[in-house]
Structures are given as structure tokens and as C-alpha cells.
Amino acid sequence: MENNKTTNILIVGVGGQGVLLASEILSETAMKAGYDVKKSEVHGMSQRGGVVTSHIKFGKKVHSPIVPYGQTDILISFEIAEALRAVDWLKKDGRLVTSKTRIVPPIATGGKFHYPDDPAADLKRKVHHLVVMDADEIARELGDVRLVNTILLGGISHSLEFAPSLWEDVIRNRVKAKFVDINLKAFARGRELAKEA
Amino acid sequence: MRRLLSGNEAVARGALEAGVKLAVGYPGTPSTEILETLAEDYRSIYSQWSPNEKVAFEVGIGASLGGGRALVTMKHVGLNVAADPFMTFAYTGVNAGFVVISADDPEMHSSQNEQDNRFFAKFAQVPFLEPSDSQEAKDMTVKAFEISEKFDTPVVLRLTTRISHSKGIVEEGQPVQLPESGFKRDMQKYVMIPANAKRRHVVVLERLQKMSKYSEATELNRVENNGSEIGIITGGIAYEYAKDNLPNADYFKIGFGFPLPLEKIRRFVASHKIALVIEELEPYYEEIINAAGIKVEGKKYFSRLGELSPYKVALGLKEAGIIKEARGAEIAPEQLFPRPPILCPGCPHRGAYMALRKLGVAVTGDIGCYTLGVLPPLEYLDSCICMGASIGNAIGIDKVRGHPKGTVAVIGDSTFLHSGITGLLDAVYNKSNVTIIILDNRVTAMTGGQQHPATGFTLMGEPTRSVNFVELAKALGVESVHEVDPYDYKGMLDTIEAEIGRPGPSVIITNRPCVLMPKRIMDRPFMVVAEDCNGCSACFRIGCPAIAPSKEMTKHNRPKAVIDPVLCTGCTLCAQVCKPEAIIPVPETAAAK
């Protein structure tokens with residue numbers, strides 16, 4: 001990664017999925033790696049099951065905290081239809097890591113709106129560098145459904161230059177002591193899985 | 001130390017470094033986290049939630065009079081509530097420094113309007129400062145207190161959602177050591193009877209002259225010279241968007257926005273071939289600059305609606321002929337279903353809306369989570385104007401007999417305490433026939449779970465007295481006061497129906513706490529017995545995120561329902577509307593798994 005270039009990352013999901021914690025960990029890791037960092041998201045209504053989008057930018061000097069449309073290097077999605085909603089923010093050779101999670105809102109139960117049948121197939125047509133992870137399943141295996149965000153961070157960690165130890169330091173600082181081990185495990189599983197894919 | 005802080009966290013840090021003695025406010029997106037950060041991380045500063053912004057502002061004035069630096073926080077519309085003390089405190093001036101945060105919400109991410117409060121500072125003739133990132137938010141908080149004491153004036157620190165909720169790296173400083181000070185009696189200065197106020201108005205205008213000179217000299221208004229013939233005049237977040245697009249232009253960056261440094265701007269404009277103002281929302285800078293006979297353009301190219309973005313700024317620059325191409329495009333999303341915010345699974349407000357919809361009455365609404373009752377599939381709300389408005393609105397509809405079936409006001413606990421009590425008093429005094437439902441979920445939920453005068457705890461976590469809504473309503477003269485369980489659909493229906501038929505005002509108080517805050521409430525989840533489900537969709541229409549259509553269809557090719565056991569809180573409302581009784585509690589043994 002060139003030193004004077006800004007890296008643009010977008011994290012999307014649904015209110016309550018832990019998007020904000022993931023973007024905190026990612027931003028702090030970038031700061032610890034010596035970059036200027038800005039991140040932005042809107043709180044409030046989004047807590048109530050709405051779409052949550054977090055923008056993260058890092059580089060030598062960052063001005064606007066908002067990632068420009070069509071210029072996202074890495075898109076991380078916690079919900080597969082949300083990946084589809086956000087996919088056009090990616091630049092041409094951008095990378096997408098998404099969880100398989102489906103969250104169908106009540107509004108899509110009325111017949112007026114339709115939740116896509118196979119969002120993964122739609123994504124495949126649009127994105128070359130695509131990783132679809134069954135993060136829910138891994139989280140359940142590890143014993144806590146809330147681990148999805150750390151698993152996804154592991155999943156994108158190959159695409160960034162930060163050493164795994166740097167990530168792990170930040171995770172240790174950011175999560176409660178009794179959850180550190182399981183989060184580190186989740187990060188490692190995500191990292192492993194994305195490597196295979 | 002260098003830390004990654006949001007604009008709000010940076011303001012809290014700034015308060016510490018400025019030696020603030022008292023911080024006070026009322027929760028409101030995007031301002032809420034300032035006081036939460038103070039109460040959590042900087043406990044040497046006394047901080048409190050007040051019942052509303054007007055009281056908060058007045059408490060802040062008191063602290064200033066008493067010799068302690070005071071920080072008062074609120075969202076933009078909160079300053080409307082506090083406008084009364086604000087406008088007159090501008091006359092008296094301060095003893096110790098006084099800074100009010102106005103956190104504006106361009107784009108209305110979580111607000112009912114997007115008023116531009118820079119005009120409010122000008123209206124009150126007090127200075128405002130506006131940061132462009134977290135570092136400036138911290139630095140300008142400290143600076144604002146110095147300016148407040150230097151010019152004997154309250155100071156507005158204007159934030160916007162994008163500043164409050166974005167994070168950036170902040171270099172922290174050391175807290176200042178302030179000399180001891182206390183209350184000083186000065187009746188001519190602080191007692192605003194007409195004779196004194198007339199003298200103070202003169203002082204306000206003299207102060208304005210002095211501040212104009214300061215504005216010309218201060219580094220808060222800085223010129224960035226890159227040798228370009230394009231000169232951009234900008235401030236706040238718009239500065240960052242402009243820098244993204246035109247890194248090599250010259251900049252006049254405004255940090256001290258009232259009064260403006262017009263002579264410095266005149267020289268800047270004169271020395272550039274092109275001079276453009278880029279500002280979010282209203283043409284505040286543009287109008288003042290043009291009125292001074294300095295020719296600039298701005299809103300001709302940049303929208304007055306919503307937030308700006310790097311792309312919107314690029315589009316404006318393209319239209320102004322400064323750049324050839326605007327990269328990227330605004331969101332042209334996949335044709336997907338929308339995902340509006342929605343009442344949570346198990347939200348006690350749901351039961352009230354189900355009953356109101358069934359009764360077909362007019363429903364005046366208020367500010368809080370329950371405003372979400374307007375969205376599909378509940379779609380049952382007739383007004384939402386401002387904090388506390390539901391009760392006055394209902395009284396007015398009732399007085400002109402606007403709705404044949406009667407009028408019901410719905411208002412949350414925190415909103416009722418904020419500005420519903422006087423409305424209720426009006427209903428009693430003027431013999432209104434309205435029914436008022438206080439949706440008491442025992443927390444300020446919409447803004448993330450803050451304490452208020454009925455939760456039993458202060459912002460700093462101390463136990464305290466808590467208001468009893470039943471006693472309060474009775475004391476105001478309401479004869480018919482009922483507590484009901486919003487999870488009891490029939491009970492809600494019967495109580496509301498009886499009360500709308502009864503002459504005189506009634507108060508119905510729902511008695512279930514928020515399922516998310518302060519702690520997550522999970523009872524045994526429910527499930528759909530697929531063979532009993534007839535696909536009638538009654539449970540879909542209550543708008544619960546835990547209920548979804550199953551892949552399994554009925555013989556009439558309608559989807560059956562399925563309940564997500566992880567999301568379901570066991571509130572039982574769906575089971576109460578299920579005619580074939582297909583919704584039952586998950587059996588104990590299965591739940592244990």
C-alpha cells in the first residue's frame with residue numbers, strides 16, 4: 001500500500017449487529033499502525049433495526065470522514081442483502097467480505113417488497129474479490145452469536161497490511177476481559193476461513 | 001496522549017481541559033454522548049441531565065453566576081426550548097465562562113427539522129465557533145471558554161451530526177488551573193428589569209464591535225495560501241469535503257462564525273479570481289458577505305437541503321466550472337426493499353398502537369421511539385411536531401371536534417417530563433376530552449437509554465427520588481388515571497375505549513419497561529405451530545422484527561409465519577391476535593437447548 005494513498009473501508013449491517021464495535025477496532029488498529037484515521041457513522045434511528053453504515057478512512061492525512069461512492073477499497077457486510085445494497089460503493093477491483101446472515105425486516109413480509117432469493121449469486125455477478133462467510137454458524141460453534149463482528153474482521157485482515165498481533169492488541173483493549181480469549185479465537189477463525197476462500 | 005475520539009468525546013475532553021465545573025443538558029441526537037462521556041470518564045466535573053433544555057440552560061447560567069465554568073449541551077431543536085433564557089443571558093453576560101453546544105442535524109438523521117442554528121447565535125448577538133473535526137472540537141471547546149470570559153458573553157459551539165459522530169485522532173492537552181472564584185452580586189448586570197436591560201442592550205452592541213475586531217485577528221479564522229486563483233470560503237464539515245475535492249485551492253476557513261471577519265474576507269476575495277462559499281444548509285456566510293458588498297457565490301451551486309458530501313461538493317464545483325468531472329455518483333442503490341427503523345421485538349409501545357389502530361381514533365404523537373408507529377406496517381400516527389406537542393395538538397383537535405371517534409395523545413415518559421406536564425395542565429384547566437397515554441418505558445430510549453426524573457437515578461449514577469406519574473396526574477386534577485399492561489391487548493383496547501367515551505381528560509399509563517435498556521429483557525420465546533398457521537398475516541401486521549414469512553405455504557399459497565427464537569422476547573402480543581391459536585410458547589425442553 002502506497003504511503004500517500006487513502007484506504008477507504010465501508011462496514012454495513014443492521015442495527016444491533018455490532019457494526020460500530022467492528023469499526024472501532026479497525027480504526028484503532030489503523031491508528032496504532034501510524035496512520036491518520038477518520039471514521040463516521042450516524043447513530044440514533046439506526047439502532048432500531050435500520051441500516052447501519054460505518055465509513056473508515058486511513059492514510060497519511062485524511063480530510064473528509066466519508067468514503068466516496070464507487071471508491072471503496074474494502075466492503076465488510078454483516079448481512080447479505082445489505083452487501084447487495086452497498087455493493088456499488090466498491091471500486092472496480094474492490095474486495096467484499098460478507099456474512100451469509102439474512103435478516104428479513106417486517107416490511108418485506110407484506111408482499112409489496114421482496115427480500116432477494118439468492119443475494120450471494122447476485123453478488124458473485126458483481127464482485128470479483130468476494131468472500132461469503134457463514135459467520136453465524138462459526139459464532140454459534142464458538143458459543144456466542146455476538147462474535148460475528150470479530151469473525152468478519154478476521155476475514156478482511158488479509159486485505160490489510162496490519163500484523164495480526166496489532167489487531168489482537170486492539171481486540172484485547174476493546175473487549176471485556178472475560179471475552180478476550182473467545183474474540184481472539186473468532187478473529188483467528190475468520191482469518192483462516194478467508195484464506196481458504 | 002493521542003486518542004481516537006468522536007466530536008462529542010472531544011468536546012467532553014475539552015471541557016475537562018477548560019476547567020469546567022458543571023455540565024448539564026437534555027439528551028438529543030447528535031449531542032447526547034458529550035454528557036455521557038463526562039459522567040463516565042471525567043467524573044471530577046459535576047454533570048447532570050435536566051428535565052429539558054430550558055432548565056438545563058438556566059442551571060448553566062446559575063453555575064456561571066456562581067463562579068463555575070458551565071457547559072450546556074443540546075441538539076439544535078433543544079435550543080428552541082432554551083431560547084428564552086438564551087436570548088436574555090446574551091444581555092447579562094457571564095461571570096464564569098459559559099458555552100452552549102448546539103448539535104445541529106443536517107439531513108435529519110434523527111430530528112424533525114434541519115434548522116441552521118448559526119442564525120440563532122447571530123439572532124442573540126453572541127459568538128459561535130464551529131469545528132471541522134474532533135481535534136478542533138476539543139481545541140475550540142477550550143477556546144470558547146476563554147472567549148466567553150474575555151468578552152463577557154455566552155458562546156455557542158455549533159456541531160453537526162457529522163462532526164459529533166465522526167471520529168478522528170485528538171492530541172490531548174493539560175487541564176488549565178483557574179483561580180478560585182465565586183458568586184458576585186451585580187444587580188444591574190443580572191437583574192433584567194427594563195431599566196437594567198436597556199443599559200445591557202447597549203453593552204451587547206459595544207461587545208459586538210470588540211468581537212468584530214477579534215474575529216479579524218483570531219487564528220480561528222485562517223487563510224490557507226497555496227497560490228491558487230480559486231478562493232474557497234468555508235467552515236465546519238464542508239471544509240473537509242472541499243479539501244477532498246480541491247486540495248490545492250486557497251482557503252478561508254471560518255472557525256469563529258459570528259461576527260464574521262468581513263475585512264479579512266474582503267481582502268481574500270479581492271485577491272482571488274474566483275471566490276466561492278461552500279457551507280452546509282443555509283447561505284449564512286454567503287448572505288452576510290454579500291450584504292457587506294463583497295461579491296461571492298455559493299448556494300447557486302451547492303444544495304440547501306440535507307448534508308453535503310464530497311460528491312455533492314464535487315457536483316457544485318463542476319457546475320461552477322472549477323472542476324471538469326465529479327467522480328463517483330450519489331447512491332443509486334440496487335432495487336431493494338427499504339429497511340426503515342422499527343419498534344424492537346417486544347417493544348411495549350406496540351400494544352398501544354395495535355389498540356389505537358383497532359379503535360380508529362385520531363392519534364397525536366410526540367418525540368421518541370414511539371414516533372416509529374407512523375411507519376408500515378403499524379402506520380397509525382397523525383402528528384409529530386416537537387417535544388410535548390402531542391397533548392396540545394390533541395386538545396386543539398378535540399376543541400374543534402375534529403375527529404368523530406375522539407383524540408388520543410401518545411407521549412413517552414421522558415418527553416412527558418420534558419414538556420408534557422404543562423400540556424396536561426391545560427387539558428384539565430380547559431376541560432378537554434382528550435385521552436393521554438403516557439408510554440412509560442422508564443428510560444429515555446430513543447437517544448440510547450438515558451436517566452430522567454422518573455428512573456430513580458441521576459446521570460452520574462446516584463439513586464434519587466423518582467416521579468410517580470399517577471400521583472402527578474391526579475395532583476394536576478385528572479380524575480381518571482389508569483395503569484395498564486401494554487402486553488395485554490384486550491386490556492389496552494377496553495381501557496382506551498372506555499376513556500375516550502368519558503367526558504374530561506384521562507391519563508393512561510403503560511407499565512412495561514423498555515426491552516433493551518437499561519437491561520435486555522428476554523422471556524420465554526414463542527413459536528408458530530406450522531400445521532395450525534392459516535397464513536392470515538395478522539401477526540405480520542403488528543410489525544414485529546422477530547416474525548417473518550416462512551418458506552412453507554398454505555394451500556391458498558400464502559406464506560405461513562415463523563418466529564426467530566433469538567429475537568423473540570415473549571411479549572405474547574402476536575399470540576393474542578392469532579385466531580387459529582398457532583402461536584405458542586416454545587416448550588421448556590426446546591427452550592433449554
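- Options P549(B), P30(B), C347(B) differ in how many heavy-atom pairs under 4.5 Å they form with chain A, and the most are formed by P549(B).
- With a 4.5 angstrom heavy-atom cutoff, K91(A) does not touch chain B via any of its atoms.
- Distance check: L336(B) CG to E82(A) CD gives 7.5 Å after rounding to the nearest 0.5 Å.
- When each of G168(B), P310(B), A548(B) is scored by its heavy-atom pairs under 4.5 Å with chain A, the top score falls to P310(B).
- Atom NZ of K100(A) is surrounded by 12 or fewer heavy atoms from other residues, nucleotides or ligands within 6.0 Å.
- Within a 6.0 Å radius of NE2 in H128(A), no more than 12 heavy atoms belonging to other residues, nucleotides or ligands are found.
- Looking at I169(B), both its backbone and its side chain come within 4.5 Å of chain A, counting heavy atoms on both sides.
- Neither the backbone nor the side chain of P559(B) comes within less than 4.5 Å of any heavy atom in chain A.
- To the nearest 0.5 Å, atom CG of residue D133(B) and atom OG of residue S64(A) are 11.5 Å apart.
- Other residues, nucleotides and ligands place more than 12 heavy atoms under 6.0 Å from the NZ atom of K61(A).
- For the atom pair I66(A) CD1 and I237(B) CD1, the distance stands at 6.5 Å (nearest 0.5 Å).
- In this structure, no portion of I56(A) lies under 4.5 Å from any heavy atom of chain B.
- Between atom CZ of residue R339(B) and atom OH of residue Y115(A) there is a gap of 6.0 Å, rounded to the nearest 0.5 Å.
- At a 4.5 Å heavy-atom cutoff, the contact between P105(A) and chain B is made by backbone and side-chain atoms alike.
- S134(B) contributes atom OG, which lies 7.5 Å from atom NZ of K38(A) (distance to the nearest 0.5 angstrom).
- Contact count versus chain B (heavy atoms, under 4.5 Å) is highest, among V67(A), V145(A), I103(A), for I103(A).
- Environment of CZ in R146(A): sparse, with no more than 12 heavy atoms of neighbouring residues, nucleotides or ligands closer than 6.0 Å.
- Put simply, of S164(B), G543(B), P376(B), P340(B), the one with the most heavy-atom pairs under 4.5 Å next to chain A is P340(B).
- A cation-pi arrangement is present between R85(A) and F337(B) under the rule of less than 6.0 angstrom and at most 45 degrees off the ring axis.
- Shown here for E41(A) and H165(B), the closest heavy-atom pair between the two residues is O-CB, 3.3 Å.
- Heavy-atom distances place no part of R541(B) under 4.5 Å from chain A, backbone and side chain included.
- Between the NZ atom in K167(B) and the CD atom in E24(A) there is a gap of 3.0 Å [rounded to 0.5 Å].
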